[in-house]
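Read through the structure below, which is laid out as structure tokens, and then see the notes.
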Amino acid sequence: MLLTTDTLYILTTQKKAKYLDQIKGGRFPVEVLVKGKDAAENERHFIKITDAIKAAGKKVGVLTKDTSSGPFIDEWKKIYADNCKDVEQVEIAPALSTAAFSVKDEAELRAMRSSSKACVALLTPYFLDEMSNILDQDKKIKHSALADKVYNKLEDENFWKSVQLPNRQKLPSDFDPEQLDWVLGPIVQSGGKFDLKWQQDSDDEILHPGIIIAAMGLRYKSYCSQIARTFMVDPNKSQESNYKFLLSVHNMILKGIRDGVVVKDVYSKALGLIKSKKPELEKHFLKNVGYGIGLENKDPTLVLNAKNQRTLRDGMTLVITTGFSDIQNPNPQDKNSKTYSLVLTDTVRVTAAEPVVFTGEAPVEVDATSFFFKDEDEAQPTPKKEKRDSRVGAVATKNITSTRLRSERNTAVDDDAEKRRRAHQKELSAKKQAEGLAKYAESTADQNGVEVKKFKRFESYKRDNQFPPKVRDMGIVIDQKNATIVLPVMGRPVPFHVNTIKNASKSDEGEWSFLRINFLSPGQGVGRKDDQPFEDASAHFVRSLTFRSTDGDRYTDIANQIANLKREAVKKEQEKKDLEDVIEQDKLVEIRNRRPAVLDNVFIRPAMEGKRVPGKVEIHQNGLRYQSPLSTTQRVDILFSNVRHLFFQPCEHELIVIIHVHLKDPILFGKKKTKDVQFYREATDIQFDETGNRKRKYRYGDEDEFEAEQEERRRRNELDRLFKSFADKIAEAGKNEGLEVDMPLREIGFNGVPFRSNVYIQPTTECLIQITEPPFMVITLDDIEIAHLERVQYGLKNFDLVFIFKDFTRPPAHINTIPVESLEDVKEFLDSVNIAYSEGPLNLNWSVIMKTVTADTHQFFLDGGWGFLQNDSDEEGGSDEEEEESAFEISESELDVASESSEEDSDFDSNASAEASDEAEMSDEEEGEDWDELEKKARKRDRESGLEEEDNKKGAKKQKRR
């Protein structure tokens, strides 16, 4: 190919020339020369190109590192050497990199994000799980064999459909695995032989449990990405320390990469940190910390070393590789552990602030990359699941109460248990704070992960002939079908999509009626959800249009139609948003050659449309199928790859026996989405009257009732056995997806209100559940960040429990009105499963708190993170102690002031005391008088008041009547 300012010349074969015909006649002149079998003709084409070079100038740009070879190239080089002796060759690789390749647009960045996520998926979980299983089972496998497993997974379509990235991240919805290709490895290294330049493929040595390095690179839609991680098996203190230091250097490099930074400064700062903190590692540090990546797997002009003078620009993509090679191990376990290397590789995008780490989902923390197998008691006892189960069991045996009556139960707090819990909770809180600071210290997820608000565009009609016929009358037309309002503007019909309209209102002035239509435009509602972003700062927007008419009823009707149309559009948008996370499952692979395992006569919840009748559940190759007897189309398929938890709840203390499936992603059930599907059967039969039965004639006492109870107990046990056996079969069929049956621990359950009704909530090995009555509640313990107990204060009979999830965008889960008698049990359970909790006397406004957390998570953890909840708990406890110990104290001066103020202010008290003293004196004087004297005094007072005269008159009137 020869590019001149006038023409693009391409010399190629006949077959390729046909493909290039389509670019002829475009904006740039293109001349395609066809190479054939005629040597003379080919020579004329070569000479034509050399003549074009000489005509364009005395310099020609070339890629000097291009090492193409073959007869075609040799023939060209010969003619070029003969005809272009005076032409100077100039290296153009740096110019191409700077001007064309290094800075990516949005489409290129999207492809690189997808390739990076694919790298993460193959490394974690796939490679990590394979390696863990091999080491756990003490298998022997070659590096090349393990690498081949990863290599072949690229072609596995089922893997890409069901893969779940760390932190519940997903591949893009439009991800096409057919576009993936390998550009690096996969490379697996261990046993003291490490090559951090990735120049050698995985060898045939056996995987050695020590330091294991895995690296790989993929190309998606022609754009590359790379990732590498170091995994440590039974590391010693020195190795752990060096890895932590490597992580700090890696984070510092990432922090220093931004628009305008000179490349050599990035390397120099990293080297400076090593010299100041661990100078003994300087000689082991790599000679560069990465390079540019994109269409090429490595941009040689953008190597991040101590000499490169290039400046980083926003939109560049880099591979950042931080590593120490061939470090001496002071405590080698064997001959293969004498030397080791450490490396971390990420693909990043340069921005004006901190870089976006495309491969950031793959964990790098010491806890996530370290494995302990040798000394289980000291290092890492057992898998997390078993550890939790054993501790829950310990809680269960301790907290079984003999009675449910408060008066008979010991409500005293166990001081030793409380002290132990407080000490453990301090450790958990400190760990959470450290994890938060590490996780969000250099996090850029919000910059690249949150959807950027874009200016929305709506299309009502593609062509003029699609307008409704009524627009010819030049009136206002409501087009319900296309959700559009056509308005007459300047003598022309102008369509406005309903989503561009804010509202419409009608008003009257005299004989005229006015219709005002307001539109959505940028800057209208700052901070509001419906505010539109500015796409073009110089653009003008119509805020409103007003129309006038004498037909007021017509305008009222139009305003109502617009309001209804707007309401329908909002409803459709909300329904669409609600169903965004609903996945379309793969097809169920049915068992054809034999009868599948079946559980008959079961009901399903959520209930299917139509009459409530029992159906059957079948276990097939890759999932479950519930079939209704009413119709063959009424069925529900659940794939094992989409099952997160499988629960079996026996019918003891319940009216139904349950197999409950909690899904990873919601599925469409009828017209609604659901993440929980349940199969159940009622444990009690229909009761019927046996009066007059033959048995009643010969039976006396309660024999028949005893027999009925025994029959009920036997039937319940049989139901439990049947459902438990079927649940085990489901787990066995889905063992490749890690399915296990989980049962609730009823002994440590408690009552609460998670939604509307008061229900019994029970812990399991991995969850906290309520699956007896809908709406169901399934909270995975691993998803919980912290728990907070609200309304914990003396005198209240209930308290509330709030769970905050690790995904801060997920609203907290509330369990309200838990009896205070369960407080100690709840605390003990939370502490036993390593969930940090706090408590406070009031209900908090969690929507405001979570907005603060998500607005700037980095700053939130810098300010103390969840410590503000713990501080409230500590202050509350401290104030109680002070109140108990403190006594009332008042100084003499304060007492004098108080007495003066009381004398001035309390008139009522002084008057009352004076009256009381007078009465006391009178009572002392009258103490010796008898009844006769008192009557005389009374008559005397009556005469003075005229009462006696009135009495005499009344007496005279009575005598006359007689």
Side-chain angles (χ1 to χ4, degrees), residues 392 395-396 398-415 417-418 421-422 425 653-654 744-764 767-779 781 784-805 811-833 835-850 866 868-880 883-884:
V392 169
V395 178
K398 182 180 178 183
N399 290 319
I400 298 174
T401 54
S402 57
T403 175
R404 290 189 62 82
L405 298 179
R406 260 184 272 172
S407 58
E408 298 176 15
R409 194 181 309 167
N410 182 18
T411 56
V413 178
D414 187 343
D415 292 337
E418 184 65 24
R421 282 201 301 265
R422 284 198 175 188
Q425 284 300 311
H653 306 292
E654 302 290 351
L745 302 166
R746 189 175 181 85
E747 296 85 357
I748 55 173
F750 55 89
N751 284 87
V753 184
F755 299 105
R756 296 185 190 90
S757 56
N758 195 320
V759 293
Y760 195 68
I761 297 162
Q762 306 172 78
T764 72
C767 303
L768 192 63
I769 65 169
Q770 186 287 119
I771 56 175
T772 305
E773 62 178 78
F776 307 121
M777 184 197 79
V778 178
I779 298 175
L781 300 178
I784 298 172
E785 174 80 2
I786 60 157
H788 183 65
L789 305 168
E790 297 181 327
R791 296 196 301 123
V792 179
Q793 53 180 305
Y794 180 75
L796 292 184
K797 294 181 180 179
N798 304 299
F799 67 97
D800 303 331
L801 176 59
V802 182
F803 290 113
I804 298 91
F805 297 102
H814 295 255
I815 302 175
N816 301 323
T817 324
I818 305 172
V820 74
E821 293 79 29
S822 302
L823 180 60
E824 290 300 307
D825 294 349
V826 170
K827 285 183 179 179
E828 187 66 31
F829 165 69
L830 294 174
D831 190 66
S832 68
V833 293
I835 293 177
Y837 70 82
S838 54
E839 58 184 271
L842 302 173
N843 290 107
L844 303 178
N845 190 339
W846 287 103
S847 60
V848 175
I849 292 172
M850 297 316 294
W866 303 109
F868 75 96
L869 297 173
Q870 202 65 43
N871 292 341
D872 291 345
S873 304
D874 295 343
E875 286 170 13
E876 186 188 351
S879 63
D880 290 344
E883 285 176 12
E884 290 175 6

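Quick note: residue numbers are just sequence positions, from 1. Bear in mind the structure is a predicted one, so any value in this text is a computation, not a measurement.
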Test side chain to side chain contact (heavy atoms under 4.5 Å, CB included) on Arg422 and Gln425 and set out the steps.
CA-CA 5 Å; Arg422 284 198 175 188; Gln425 284 300 311; 5.7 Å; no

From [atom1] ([X]) to [atom2] ([Y]), nearest 0.5 Å:
| X | Y | atom1 | atom2 | answer |
| --- | --- | --- | --- | --- |
| Thr764 | Leu745 | OG1 | CG | 7.0 Å |
| Asn843 | Asp800 | CG | CG | 5.0 Å |
| Ile804 | Ile784 | CD1 | CD1 | 9.5 Å |
| Glu828 | Ile748 | CD | CD1 | 9.5 Å |
| Ile779 | Leu801 | CD1 | CG | 8.0 Å |
| Arg746 | Glu654 | CZ | CD | 5.0 Å |

Can you find a heavy atom in the side chain of [X] that is under 4.5 Å from one in the side chain of [Y]?
| X | Y | result |
| --- | --- | --- |
| Thr772 | Gln770 | yes |
| Arg791 | Asn816 | no |
| Ile849 | Phe868 | yes |
| Ser822 | Asn751 | no |
| Glu790 | Leu844 | yes |
| Phe750 | Asp825 | no |
| Met850 | Pro812 | yes |
| Glu418 | Arg421 | yes |

Which atoms form the tightest heavy-atom contact between [X] and [Y], and what is the distance?
| X | Y | answer |
| --- | --- | --- |
| Gln793 | Pro841 | NE2-O, 2.9 Å |
| Pro819 | Asn798 | CA-OD1, 3.7 Å |
| Ile815 | Gly752 | CG2-CA, 4.0 Å |
| His788 | Gly840 | CE1-N, 3.7 Å |

Does the pair Arg756/Glu773 count as a salt bridge with the N-to-O cut at 4.0 Å?
no

Paired with Phe803, the side chain to side chain contact (heavy atoms under 4.5 Å, CB included) test is passed by just one of Leu781, Ile786, Leu768, namely Leu768

Side chain to side chain contact (heavy atoms under 4.5 Å, CB included) evaluation trace for Val820 with Leu796:
CA-CA 8 Å; Val820 74; Leu796 292 184; over 6 Å; no

Taking only residues two or more places apart in sequence or in another chain, which ones pass side-chain contact (heavy atoms from CB on, under 4.5 Å) with Pro774?
Arg605, Phe776

Where does the angle between the aromatic ring planes of Trp846 and Trp866 fall among parallel (under 30°), tilted (30 to 60°) and perpendicular (over 60°)?
tilted

